[in-house]
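Encoded as structure tokens, the structure appears first; notes follow it.
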Number of protein chains: 2
Amino acid sequence: MEILEQKHLALIDEAERRGDGPTANLRLCFEVIALAAAIDRDCAARLAPHNLSEGKFVLLFLLHQLPDGLSPHELADRAGVTRATVTGLLDGLERDGFLARQQSKDDRRKVLVRLSPKGEDAARELFDTHTRWIASLFAGFDESDRQTLSTLIQRAWRNTDGGRKAVQTKAASEITQ
Amino acid sequence: MEILEQKHLALIDEAERRGDGPTANLRLCFEVIALAAAIDRDCAARLAPHNLSEGKFVLLFLLHQLPDGLSPHELADRAGVTRATVTGLLDGLERDGFLARQQSKDDRRKVLVRLSPKGEDAARELFDTHTRWIASLFAGFDESDRQTLSTLIQRAWRNTDGGRKAVQTKAASEITQ
DNA sequence: GACAGATAGTTAGGCGCCATATCATAAGAC
DNA sequence: GTCTTATGATATGGCGCCTAACTATCTGTC
């Protein structure tokens, strides 16, 4: 029952062959990545039958129950992707009838995106099954397990570039206060 | 110091708004994904200056110190990607002078891929810095931390589709024995 | 020795994501 | 009122990955 991916096994082999110190950290890193990749694959597999990807699903639920719609720009900000990416995702969603684009009245540069009834249905239904599925991944975890896992992940995260920057930003803002 | 991505924060908000039971598991899942994504980003940022991606780097180190080279098929198997993907990666690597393709003598369907001196240099040098960097992500983890994290990750992994299949396969093979 | 089926590599087309460049419109400075 | 600058959205082209289809070659069978 090997959790790691092929390429990572090969990398660990090579590191061991070179006697490159402790490969335990390598293995740990690849286990994290393997879990995330497995979750991504499952997510994609669950959404594909509906002609949706993870990115499209996010837009769908961001637009859910917003009769006034949102602009592509707002969608990009809230989804954390570029505006260009949103344009591509909207193209697909509009083609498949989940939503419609409409020119804004007050700002003629702007576009308003609104879900169609089909989109509203999909958002409502998929959101529930989706969150239930995600929660089920950690079935059997009690509060202590969750706390432990979360703490260890955050410790590693602080060693990434993004994590380091966040720590610095936080420190700077605390001094400023 | 928020570790989660924008879209996941929005998803958790919505789940809480709906009172959809425990959102703690959601948060945990997204933390795993955020760590993996941060690592991926760092990896890409470190390789980009050399005109390499993670996929290309894997091919490079698979070919390292193999004067007889490998075929695209073998590379695909060992890297865990499709042959078509390997073709694309090889195109880029060949264009950038890291390797050369050469017709095999004994099987004229086959192609042999060999690193150039530039490719050999890059593989040797990058492999070391790369593994050191990965190990540094878990700096400060002692054996007990590693064991704990690994166990928790594997427990979650067994709840993914891939994990379930692996468990079944293992059980079946044990019965057969 | 011809022929079916396996195998090797590539091509074509798609998806999701990105960065960069382009074009329309809006808002503020003077 | 014009002119710069900011802000919309999109187009273009790239990357890594996929599947499916194609061509060339090899292999085993009759």
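All heavy atoms count here, side chains included; hydrogens, waters and symmetry mates do not.
- Using a 4.0 Å heavy-atom criterion, one finds that B:Ser104 contacts no nucleic acid atom at all.
- Note: CD (B:Glu74) to C1' (C:dA8) measures 11 Å, nearest angstrom.
- A:Arg101 comes within contact range of the sugar-phosphate backbone alone, with a heavy-atom separation under 4.0 Å but no base atom that close.
- Annotation: B:Arg146, atom CZ; neighbour count of heavy atoms from other residues, nucleotides and ligands within 6.0 Å is above 12.
- Rounded to whole Å, atom C1' of D:dG8 lies 15 Å from atom CG of A:Leu70.
- Side-chain N/O atoms of A:Arg108 include none lying less than 4.0 angstrom from OP1 or OP2 on D:dG8.
- With respect to A:Phe98, the side chain to side chain contact (heavy atoms under 4.5 Å, CB included) criterion is satisfied by exactly one of A:Leu90, A:Leu63, A:Leu93, A:Leu59: A:Leu93.
- The interatomic distance linking B:Gln103 (CD) with D:dT23 (P) rounds to 18 Å, in whole Å.
- As a whole-Å value, the separation of A:Leu93 CG from C:dG16 C1' is 12 Å.
- For the pair B:Gln6 and A:Asp77, the minimum side-chain heavy-atom distance is 4.5 Å or more.
- Under a cutoff of 6.0 Å and an axis angle of 45°, B:Arg155 and A:Phe141 form a cation-pi pair.
- Between B:Glu94 atom CD and C:dT10 atom C1' the separation is 13 Å, expressed in whole Å.
- Rounded to whole Å, atom P of D:dT10 lies 7 Å from atom CG of A:Asp91.
- Within the 4.0 angstrom heavy-atom criterion, base atoms lie near B:Arg83.
- Across A:Gln103, A:Lys110, A:Arg109, A:Lys105, a single residue satisfies side-chain hydrogen bond (donor to acceptor under 3.5 Å, both in side chains) together with A:Asp107, and that is A:Arg109.
- A straight line from CZ of B:Arg41 to P of C:dC17 spans 13 Å, rounded to a whole angstrom.
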- Note on the structure: Per-nt protein contacts along nucleotides 13-22 of chain D (heavy atom under 4.0 Å; B base, S backbone sugar-phosphate only, - none) come out as --SSSBB---

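- No hydrogens or angles were tested; on distance alone, a donor-acceptor pair under 3.5 Å links the side chain of B:Arg109 to the base of C:dT7.
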- Message: Please determine whether ring pair (Phe, Tyr, Trp, His ring centres under 6.0 Å) holds for the pair A:Phe57 and A:His130, giving the CA-CA distance in whole Å, both sets of side-chain angles, and the decisive distance to 0.1 Å.
- Response: CA-CA 10 Å; A:Phe57 171 70; A:His130 204 67; 4.5 Å; yes

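- Within 6.0 Å of atom NZ in B:Lys118, more than 12 heavy atoms from other residues, nucleotides or ligands are found, so the atom counts as buried in its surroundings.
- In this structure, B:Leu112 places its CG atom 12 Å from P of C:dT10, rounding to the nearest Å.
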